[in-house]
K.L.:
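Submitted below is the structure of interest, expressed as structure tokens.
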Amino acid sequence: MEQLTFQLLDASYEVIGPEARVLLWGRTKTGERVLLFHRGFRPYFYIIPREGFSLGSEEIEQVKLLSKPKSPIIDVSVVDRKFFGRPVKALKVTTMIPEYVRVYREAAAKLGFVERVLEADIRYTMRYLIDNNVYPLRWYRATVNRVEKGGYRVDGTYEIVGSLEEVEEEEISDPLSDLRIMAFDIEVYSKEGSPDPLRDNVIIIAISTQEGSKAIRLDVEGSEQNLIKAFTREILKEDPDIIVGYNQDRFDWPFLKERSSKLGVKLDVGRRIGAQPETSVYGHVSIAGRLNVDLYNFAEEIPGLTLKTLEEVAEFLGVKKKSERVIIPWYRIPEYWDDPRKRETLIRYALDDVESTYGLSGKFLPFGAQLSTTTGIPLDHVMAASTGFRLEWRLIREAYKRGELVPERVERPPASYTGALVLKPEPGIKENVAVLDFASMYPSIMVKYNVGPDTLVRGNEEVSDDEVNVAPMVGHRFRKTPDGFFKGVLLRFLKWRRDIKSRLKRLKPGSPEYLLLDQRQRAIKVLANAMYGYMGWSGARWYCKECAEAVTAWGRELILTAINHARKLGLKVYYGDTDSLFVDYDKEKVEALIKYVEEEMGFEIKIDKIYKRIIFTGAKKRYAGLTVDGIIDVTGLEAVRGDWCELAKEVQLEVLRIVLIKGSTREAVDYVRRVINDLRSGRIPLEKLVIWKTLTRRPSEYKVDGAHVKAALILEKMGYKVAPGMKIGYVIVKGHGKLSDRAKPFILASPDEVDIDYYVEKQIIPAALRVLQVLGVSENELKMRSRGQRSLFDFM
DNA sequence: GCCTGGTCTCTACCC
DNA sequence: ACGGGTAGAGACCAGGCG
């Protein structure tokens, strides 16, 4: 027996003979990669009896009778738990093999005394992690015996024979330090249409590690079999803990898998010998003993960046400048490969891509690691999981700690309810405007009024008025005591975050420890802020429409009360959305308003921003302001939308700059006229005219075919695969008929066929006018030529 | 058959 | 595969007109 200290990287399980054993993949402080087997943890689930049935020996016998020899029911016992806050007696049914939980769940549900079956849908590995309070990427000390088990690519295999305890964080340590990370990216030769693994070759596999990057090439390796074997060798040699890529779950791995099986080579890259990458139902690819992380999942969450290509994201995050690298559009890869003079450029492109990917891992993994250690979901899955599931796994852990049973996942139709309040602003320019924000409005409401599925008074239950908080407008009631599950969880999140923030105060901003803790408090904030939306999500285990509805009702009441008080103070309110108020920046009155909200209403509110000048278009959610720091903030307007061409967005931003900084309408009008003139004279590159729109379904599934759908259909006909989620770039070309029939994928279009009139009338002018009409400028004024551009025709 | 206005569909945004 | 509120463009369609 010995003590082994290790960091948990991933967990999985195997069934050996009659039982399952958990596999904990880890690494030690001295850099060994280890595998710990833990036997004896048994899968189980709960049975809740119908009303009027007590749980006695008869019921237990009925359950025991379901037992099958392959995985017998080894225990049925009566336990005390809570369900939606109420004490319940439940039967805990334990078996041997995880797959049998499903078998017994179905059989048990048919028994007469059974009301419902719970927690049968929590997978075995997660069950183990939850019950043992074990989190990925944290450090543990286990009592183990060294065992000799072949078949795994690790430095040591152990059997856990005693305790397994978390090693408390003495100093703040980076969970990613000394982990080996490898990025990879493949290039495929596809002359016509999208790459097809049955037809097309992999020509380059680029890899990148801390040591640098290299390209494995088909021309050097001689055959594709050798290429893939060389790649496999590289992985086994570097032995990465984390493999990162950009969209590799949907492209690189599936392609390599199919290609390998066609070529008869093994893609044996995991830490279990013979294990190939496996695609799960959600499309995530798992590799035994390694964390395969698709960074595209994280890139998708970046706001303010519409085109999420690797190049754009790397540029945006300062990982690699577009100007300092090679960019080859995917449809020109064959051309670069075939031309011996261009081939090295293609190699450089592949290396630039894989280096960008490696660089992105530095940007995304630290936050991902914190999400993993806070939610308990392994890193590879947490990156791919939606916000709702990230929160839900944390809630499941919280429920376990409180003896609360986890509600089953049931399919319900979505049900909508009234949300937030948005004021309609008057069009016009205002000076010195302060934006006040309620701090964490929805979580605060939930805490203050004890909102949650277990505190909600359902139906016509008799509860006296002073025992409940009653939501305005909708009338839903919530017990004031005791603290509900959601309030408890929120308070825990808030305290957790407060503690981190006070630790942060003692650290040097910018130091590794600071950045680490900052990521952790961000991860917790994400969870806290997701609680409201989670309650309104019909797929949630703890779904509670009334709760969500009550929260928004209280929110509307809050902002209305604040507006009324502002007006009472003589403070002009220009605009407001959900939890924000745009008011005249009269220091004393603003301070009085803040004091009122905090002291009389009991909510925190703060000045978020001050605009020197702000322009409201008259529409909700569409305005732009110049902050006191000289920054132009654009909200909702075309300039920040991804579905307008670059030129239109650029024009609008420049118009805003001229109007807000220089205050000159005249100059802005002249500027727009000049751009229109440039466009008509062919001085604008085609790329600035491309319109990008996301395909949200397969082209055939649309009721109404928009331009991007028609463009996608053209691509499809040419053999390109188009799939939901893809952005389609198109331009409008000259011709007759519906606009959508004049959409052409930009990769097929040439500058001379572009319909300039469309861009003038439907892109540049509307974008510019959105701002300028506020200042009284008409469409015709924009269409007139500016001074110095008039020709004889203007006078005729 | 063509024009017009109202409605529906679609996308992307805000908070 | 977390919520509702919103703007705006273009497709679609019914009804009026001649």
Side-chain angles (χ1 to χ4, degrees), chain A residues 281-284 297 300-301 303-306 384-392 394-395 409 411-412 414-425 435 437-438 440-442 526-545 547-553 555-556 559 575-582 608 617-623 633-644 648-649 691-697 701-710 724-725 727-728 732 737-743 758 761-763 766-767 769-770:
Chain A
V281 277
Y282 305 110
H284 171 74
N297 291 319
E300 270 184 310
E301 293 179 17
L305 188 68
T306 44
S386 70
T387 313
F389 283 106
R390 288 176 189 163
L391 173 60
E392 192 156 78
R394 179 73 221 188
L395 289 176
R409 183 168 289 295
E411 230 175 290
R412 316 180 186 81
S416 69
Y417 57 90
T418 310
L421 187 75
V422 188
L423 301 186
K424 193 170 172 101
V435 183
D437 261 341
F438 279 90
S440 306
M441 185 195 248
Y442 288 175
V526 166
L527 294 180
N529 287 342
M531 294 274 281
Y532 150 72
Y534 176 83
M535 296 190 301
W537 171 39
S538 65
R541 289 175 186 268
W542 278 277
Y543 174 60
C544 178
K545 187 189 131 172
C547 300
E549 200 171 30
V551 169
T552 58
R556 293 195 298 277
I559 193 156
Y575 178 61
D577 183 348
T578 312
D579 59 355
S580 67
L581 277 184
F582 291 54
D608 183 46
T617 60
K620 297 171 176 183
K621 299 181 188 283
R622 306 189 124 229
Y623 57 88
D633 255 357
V634 185
T635 307
L637 297 174
E638 285 74 5
V640 295
R641 289 183 63 98
D643 54 353
W644 286 73
K649 302 202 301 181
I691 298 164
W692 294 91
K693 274 202 174 86
T694 307
L695 210 58
T696 60
R697 57 205 84 174
E701 291 168 344
Y702 279 88
K703 281 186 199 157
V704 177
D705 291 355
H708 70 305
V709 180
K710 295 283 173 68
K727 284 235 193 275
I728 307 291
I732 300 298
K738 274 184 302 196
L739 182 80
S740 59
D741 289 324
R742 297 195 282 122
Y758 166 80
E761 302 279 342
K762 301 291 184 182
Q763 292 276 322
L769 216 50
R770 193 85 58 218

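Given the structure is predicted, the values throughout are model-derived calculations rather than measurements. We name chains A, B, ... by the order of the sequence lines, and we start the count at 1 in each one.
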K.L.:
Could you go step by step and tell me if A:Val422 and A:Lys621 meet the side chain to side chain contact (heavy atoms under 4.5 Å, CB included) rule?
P.N.:
CA-CA 8 Å; A:Val422 188; A:Lys621 299 181 188 283; 4.0 Å; yes
K.L.:
Among residues at least two apart in sequence or on other chains, which ones pass salt bridge (charged side-chain N to carboxylate O under 4.0 Å, His left out) with A:Lys710?
P.N.:
A:Asp741
K.L.:
Return whichever of A:Val709 or A:Tyr575 has its heavy-atom-nearest nucleotide of DNA chain B closer to the 5' end.
P.N.:
A:Val709
K.L.:
If you look at every strand shown and take non-hydrogen atoms under 4.0 Å, does A:Arg622 touch a base, only sugar-phosphate, or nothing?
P.N.:
sugar-phosphate
K.L.:
For DNA chain C, which nucleotides open and close the run of contacts to chain A, 5' to 3', at under 4.0 angstrom from a non-hydrogen atom?
P.N.:
C:dA1 to C:dC12
K.L.:
Do any pairs count as a side-chain hydrogen bond (donor to acceptor under 3.5 Å, both in side chains) and have a residue in residues 527-540 of chain A, sequence neighbours left out, and if so which ones?
P.N.:
A:Glu392-A:Tyr534, A:Tyr417-A:Tyr532
K.L.:
Does A:Tyr702 have any side-chain hydrogen bond (donor to acceptor under 3.5 Å, both in side chains) partners at least two apart in sequence or in another chain, and if so, which?
P.N.:
A:Thr696
K.L.:
Please work out if A:Phe582 contacts a base, only the sugar-phosphate, or nothing of the nucleic acid, heavy-atom cut-off 4.0 Å.
P.N.:
nothing
K.L.:
Considering residues at least two apart in sequence or located in another chain, which fulfil the salt bridge (charged side-chain N to carboxylate O under 4.0 Å, His left out) criterion with A:Glu301?
P.N.:
A:Arg390
K.L.:
Who pairs with A:Glu549 by salt bridge (charged side-chain N to carboxylate O under 4.0 Å, His left out), at least two apart in sequence or on another chain?
P.N.:
none
K.L.:
At 4.0 Å (heavy atoms only), tell me whether A:Lys545 reaches a base, stays on the sugar-phosphate, or touches nothing.
P.N.:
nothing
K.L.:
Taking any heavy-atom pair under 4.0 Å as a contact, classify A:Gly642: base, sugar-phosphate, or nothing.
P.N.:
sugar-phosphate
K.L.:
Once side-chain hydrogen bond (donor to acceptor under 3.5 Å, both in side chains) is applied, do any residues pair with A:Asp643, and if so which ones, sequence neighbours excluded?
P.N.:
A:Arg641
K.L.:
Heavy atoms only, 4.0 Å cut-off, all strands: where does A:Gly636 land among base, sugar-phosphate and nothing?
P.N.:
sugar-phosphate
K.L.:
Going 5' to 3' along DNA chain B, between which two nucleotides do contacts with chain A fall, using a heavy-atom cut-off of 4.0 Å?
P.N.:
B:dT9 to B:dC15
K.L.:
For a quick check of understanding: with a heavy-atom distance under 4.0 Å over all strands, which category does A:Arg697 fall into, base, sugar-phosphate or nothing?
P.N.:
sugar-phosphate
K.L.:
Suppose we screen for salt bridge (charged side-chain N to carboxylate O under 4.0 Å, His left out). Which residues come up paired with A:Asp705, at least two apart in sequence or across chains?
P.N.:
none
K.L.:
Could you work out, with side-chain hydrogen bond (donor to acceptor under 3.5 Å, both in side chains) as the rule, every residue matching A:Lys727, not counting sequence neighbours?
P.N.:
A:Thr694
K.L.:
Indicate yes or no for a side-chain donor-acceptor contact from A:Tyr758 to the backbone of A:Gln763 under 3.5 Å, with no hydrogens or angles considered.
P.N.:
no
K.L.:
The criterion is side-chain hydrogen bond (donor to acceptor under 3.5 Å, both in side chains); which residues satisfy it with A:Glu761, sequence neighbours excluded?
P.N.:
A:Lys783
K.L.:
Assign A:Lys703 to base, sugar-phosphate, or nothing according to its heavy-atom contacts below 4.0 angstrom with the strands shown.
P.N.:
sugar-phosphate
K.L.:
What does A:Gly388 touch in the nucleic acid at a heavy-atom separation under 4.0 angstrom: a base, only the sugar-phosphate, or nothing?
P.N.:
sugar-phosphate
K.L.:
With a 4.0 Å heavy-atom cut-off, tell me which residues in residues 415-424 of chain A come close to DNA chain C, sorted by residue number.
P.N.:
A:Ala415, A:Ser416, A:Tyr417, A:Thr418, A:Gly419, A:Ala420, A:Val422
K.L.:
Using a 4.0 Å heavy-atom cut-off across all strands, classify A:Tyr442 as base, sugar-phosphate, or nothing.
P.N.:
nothing
